[in-house]
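Naming convention: chains lettered A, B, ... in sequence-line order (proteins, then strands); numbering from 1 in each chain.
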Amino acid sequence: MRVSVRPVYGGEARYHDPMHRYDPAAIEPKWQQVWEEQELSRASDDPEDPRPRFYALDMFPYPSGDLHLGHAEAFSGGDVIARFRWLQGYNVLHPIGWDSFGLPAENAAIKRGVHPKEWTYENIEQQAASFKRMGFSFDWTRRLHSSDPEYYRWTQWLFLKLFEMGLAYRKNAPANWCPNDQTVLANEQVINGACERCGTAVVRKDLTQWFFKITDYAQRLLDDMDTLEEWPERVITMQRNWIGRSEGATVRFTVEETGDEVEVFTTRPDTLWGVTFFVFAPEHPLVEKLAGVGGAADAARALVDRLQSTPLTNREQAESREGVPLGVHIVNPVNGERVPVFVAPYVLMEYGTGAVMGVPAHDQRDFEFAREHDLEVRVVIQPPGEERDPASMTEAHDHEGVMVRSGPFDGEPSPISIAKVSAWIEEQGLGGPAVTYRLRDWLISRQRYWGAPIPIIHCDEHGEVPVPLADLPVRLPDDVDFRPGGESPLARHDRFVKTTCPTCGRDARRDTDTMDTFVDSSWYFFRYCSPGFEDGPFRREDVERWPVSQYTGGVEHAILHLMYARFFTKALHDAGMVPFVEPFARMMNQGQVIYGGGSMSKSKGNIVEPMPLVERWGADSMRLTMLFANPFEDDIDWKLIAGDADHRPGVHHWLGRVFAAVGEAVERGGDEPTTLVRLTHRTIAGVTDDLERFRFNVAISKLMVLTNEMRTALDAGGGARGAAEALAQMLAPFAPFAAEELWREVLGHEDSVHVSRWPSFDPALAAEDTVTLVVQVDGKVRDTIEVPADTNEARVLELARASENALRAIADREIVKEIVRAPKLVNFVTR
RNA sequence: GCGAGAGUGGCGGAACCUGGCAGACGCGCCGGACUUAGGAUCCGGUGGCCGAAAGGCCGUGGGAGUUCGAAUCUCCCCUCUCGCACCA
C-alpha cells in the first residue's frame with residue numbers, strides 16, 4: 001500500500017485531510033503476525049554470531065488474570081531497551097516466562113471451584129496473547145512456566161544440590177504463621193507483623209520447617225554490593241538494612257541464683273560499666289526457670305502468656321516500657337556487680353541472643369525502662385581521646401557524681417574505646433568481639449498445594465533422604481484436596497505420601513511441604529539460557545554466554561527476590577555451576593501505577609485494565625502514554641495522566657501528526673533545510689544518550705520536537721525525507737507498530753525497521769554554524785546576537801560592545817570587568 | 001528514631017550530571033478556523049504583575065554562602081515521599 005497525503009498549503013490548515021490517517025487497528029495486528037512468522041525477536045545461540053550479546057531480562061509475571069497497567073509499564077520499558085539494543089546491532093536475548101506457582105492460584109481456585117492448574121494456565125494464555133498484542137519483542141521459543149514439571153524438576157534438583165552442600169536443612173523453630181492463608185511465611189514476607197499477601201496479623205507457631213542457609217552468605221551479599229554500581233541506590237540501601245550487620249561484642253553474664261551463663265550482644269561494650277539491670281525476651285528459654293527460682297513465676301507467666309497469644313503486630317507498638325522482675329539477679333562480669341533481672345517485650349528473641357544488658361544512660365529504650373521501673377541511670381563511658389585502662393573502669397561508676405539524669409547521655413561512642421574494651425573482654429575470657437546480622441535463614445517450606453514438592457523422603461532408619469535425581473520430578477498430584485487445613489494438603493494424599501526409602505527400600509514417607517515460590521524465581525533467568533536442556537537446570541557455558549545485561553522490574557522486589565537470586569547465584573557459583581557471583585549487572589526499577597494518589601484495588605473499584613484501552617487506541621499509544629508520562633522509576637498516577645479514561649491520549653495525537661508529516665515528506669522529496677538536518681543529528685545523539693540512561697520520557701519529547709521541526713520545514717516548502725527516516729527508526733523502540741508501518745509502507749523499505757541499524761550520529765552535521773551570543777550586564781541578559789560558531793573572543797567582545805541594548809543598560813556606569821566565553825557569552829560587570 | 005530521595009506554572013514534567021536566555025515536550029485551559037455537531041482535525045495564545053504595544057519588574061520551599069553570574073555547587077532550616085524500625 002502506497003500512502004499519499006494531499007498537501008494543503010497556503011490556507012490555515014496543513015495536512016488537513018491526509019488520505020492515510022494513522023489507524024492502529026489496521027496496522028498493529030498485521031505487523032504482529034509478520035514479526036511472529038519471521039521470528040524477528042529470536043536470540044541467536046550460534047557461537048559464530050559476531051554480534052555482541054545483550055540479555056534484556058524482565059521480571060517474569062505472576063499470572064493473576066489478564067495484564068494490568070503495571071505490567072504494561074514495566075514491559076514497555078524493558079522492551080524499549082531490548083529493541084534499542086537490537087537496532088544497535090546486538091544479538092539480544094529477551095525471554096518471557098511465568099512465575100506460575102503460588103498462593104493466589106489456590107485461593108482463586110477455591111473461590112471458583114476450579115483446579116489451580118486450570119486457573120493458572122488459562123491466565124497464562126490470556127497474558128501471552130496480550131503480550132503479543134502489545135508488540136513486545138520476546139523470544140517465545142524460550143518460554144517457561146515455573147509450574148511445569150519440566151521446570152520444577154530442576155527446582156527440585158537445585159534444592160537437592162543445596163541440600164548436598166549443607167545449605168538446606170530442617171529444624172523446629174518458631175515460625176511466622178498466617179492464620180488466613182494457613183501457611184508459614186519467610187521473615188521477608190512479614191510486613192509490619194502482617195502477612196504480605198493478605199494483610200492478616202501473623203502469629204508465632206513452633207513448626208519443623210525447611211530453611212536455606214542464606215546467613216552463611218550474609219557477608220558476601222553485603223561485600224559484593226560494592227560491585228553493583230549500576231543498581232538504584234535505594235535498592236542497595238534496602239538490602240544493606242535488611243542484612244543489618246552490627247559490630248560489637250558478646251559478653252557472658254552469670255545468673256547469681258542458678259549459675260546459668262547468659263550471653264548478650266552489644267554494640268557498646270564501652271558502656272558495660274553502666275549496666276544497672278538485665279532483660280530477657282519473653283520467649284527466652286531461661287525465663288520460665290528463672291521466674292520459678294525467683295518466685296515471680298505467676299507474674300512472668302502471665303506476661304509471657306499474654307504476649308504469646310497476642311498477634312505480633314500488636315506487640316511492636318507496645319509503647320509502654322512494661323516488664324516484670326524475675327526476682328533473680330545477674331552478675332556483671334566486668335565489675336562483679338549484681339543487678340536485677342527482668343522479662344520485657346521490648347527485647348526481641350529473634351535478634352542477637354534474646355537478652356540485653358540494660359544501660360539506661362546510653363540507650364533511649366533502656367532509659368525509658370529504667371524510668372518506668374525506678375532503676376539507676378548511671379553514666380559511665382570511656383571518654384573519647386582519654387582511653388583509660390579498662391581494668392580501672394570498675395572505679396568509674398561514681399564519676400562526677402552523675403548518677404541520675406533526666407535523659408540519656410548523648411556522648412559520642414568512641415571506636416577506639418569500643419575496640420579496646422572488646423579486646424580486653426576477650427583477654428579476660430568474658431566474651432569477645434562479635435558481628436551480628438539481622439538477616440535470618442530463609443524459611444522455604446509452605447503448607448500449601450500449588451508449589452514444587454520438596455524432594456525429600458523421610459525414613460525411620462535413614463532420616464531425610466534425597467529423592468534420587470533420576471526420579472525427579474516429584475510430581476505434584478492433580479487429585480488433591482487443596483483446601484488449607486493447617487497441614488500440607490499433600491499430607492492427605494496417601495498415594496503421594498507412601499513411598500519407599502531409596503537407601504533401604506523400606507516403607508517411608510515423602511515430605512509433604514512445597515517450596516516457597518521465591519525458590520522458583522531465584523534461578524529462572526539461568527533456565528532461559530538453556531531452554532529444553534535435559535541433563536541439568538542449565539549449561540554453564542550458556543549462562544556464561546548470556547550474563548544478564550539489564551534487569552527490569554518493580555522495586556517491590558528490592559529485598560525478597562533480588563536477595564534470594566543473589567544468594568542462589570553465589571551458592572551455584574560455589575557449586576561450580578555459574579561462572580560469576582552476581583546475577584544482574586544493571587537494574588532498572590519502574591514505578592508503580594496508582595490511581596488518585598493511592599493503589600488501585602477491587603474494593604475501591606478503580607482498577608483500570610490496559611487491554612481495553614489497547615483495543616481502543618492501539619498498543620503503541622498505550623506504550624507511549626506510559627513511557628512519556630513521567631520518569632520511568634517514578635509512580636504514575638493514572639488519574640492525572642488519563643483523566644476520566646475516555647480521552648484520546650496525547651501521544652495518539654502525536655502519532656497522527658508523525659504519519660502526516662512522514663507521508664508528506666515522502667510525497668514531496670526536495671532539499672532538506674540544514675536546520676532540520678542539524679536537529680535530526682542532535683536528536684539522534686540525545687535520544688541515544690537518553691535511552692542509555694532510561695530517560696524514556698525525555699527521549700520521546702525530543703522525537704516530538706523533531707516532528708514539529710519537520711512540519712515547519714515542510715510548511716516552508718523544504719524536504720524532510722532524512723528526518724523522516726531517522727524518526728521512524730528512533731520511534732521503533734517506543735511505538736514498534738507505527739514505526740514499522742512508516743518504515744515499510746510509507747518510506748518504502750523492504751525489510752523490517754527492527755533489522756535496520758540505529759541511525760548514526762554525525763557530529764559534523766549536528767554542529768551549529770551560528771550560535772546565539774548572550775550579552776549580559778551584571779549577570780542580566782540584555783541582548784542576544786546570532787554569530788558564526790567560530791567567532792573568536794575579540795570579535796565577540798567587539799559585537800557585544802556595539803550592542804545598543806547593552807549600552808543602554810550600562811548607561812553611565814563604569815565597566816570594571818568583561819567576562820568573555822566566546823562565542824556564547826559576554827558579561828559586562830559595572831560599578 | 002535510622003537510612004535514602006525529592007520540593008520548578010492549573011497538571012505530568014524539562015533544564016541540575018557539565019553554573020550562563022527557567023518553564024522544553026505534552027496535558028489542560030482560552031481564542032479562532034472548519035463544522036448540523038464535536039469528545040474529530042487544523043491555527044494561535046497560555047508563569048505572575050504593570051503596559052495598547054514596545055518593553056519593564058518579579059519568579060524554581062525558606063535562609064545564608066561561593067561566583068561576574070545559582071533551579072543547578074556548599075552549609076543550615078522547613079516540608080513531603082519512600083524504605084527499615086523497641087535491631088541491643
Could you please name the partner base of [N], counting Watson-Crick and G-U wobble pairs only when both distances are under 3.5 Å?
| N | value |
| --- | --- |
| B:U41 | B:A33 |
| B:A53 | none |
| B:G5 | B:C80 |
| B:G10 | B:C27 |
| B:G59 | none |
| B:G20 | B:C68 |

Can you name the atoms? Protein N/O to nucleotides 15-17 of chain B N/O, anything below 3.5 Å, with the distance.
residue	atom	partner	partner atom	Å
B:A15	OP1	A:Arg695	NH1	3.2
B:A15	OP1	A:Arg695	NH2	2.3

### Rounded distance (Å) that lies between atom P of B:C84 and atom CG of A:Leu439
15 Å

#### Entry: Separation of atom CG in A:Leu703 from atom P in B:A24, rounded to whole Å
18 Å

### Message
Donor-acceptor check, side chain of A:Asp690 to backbone of A:Arg695, threshold 3.5 angstrom: yes or no?
### Response
no

### Task
Would you state whether a donor and an acceptor, one from the side chain of A:Gln776 and one from the base of B:G69, lie under 3.5 Å apart?
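No, the side chain and the base share no sub-3.5 Å donor-acceptor pair.
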
### Query
Where the side chain of A:Arg821 is defined as all heavy atoms beyond and including C-beta, which of B:G12, B:C84, B:G20 is the nearest nucleotide?
B:G20

### Task
Among B:U41, B:C86, B:C57, find the nucleotide with the atom closest to the side chain of A:Arg782.
B:C57

Between protein and nucleic acid, restricted to nucleotides 3-9 of chain B and to nitrogen or oxygen atoms under 3.5 Å apart, what atom pairs and distances do you find?
none

### Query
Below 4.5 Å, heavy atoms only, C-beta onward: do A:Phe277 and A:Val341 meet side chain to side chain?
no

Check nucleotides 63-67 of chain B against the protein and report each pair of N or O atoms closer than 3.5 Å, with its distance, or say if there are none.
none

### Query
NA contact type, A:Asp778, heavy-atom cut-off 4.0 Å: base, sugar-phosphate, or nothing?
nothing

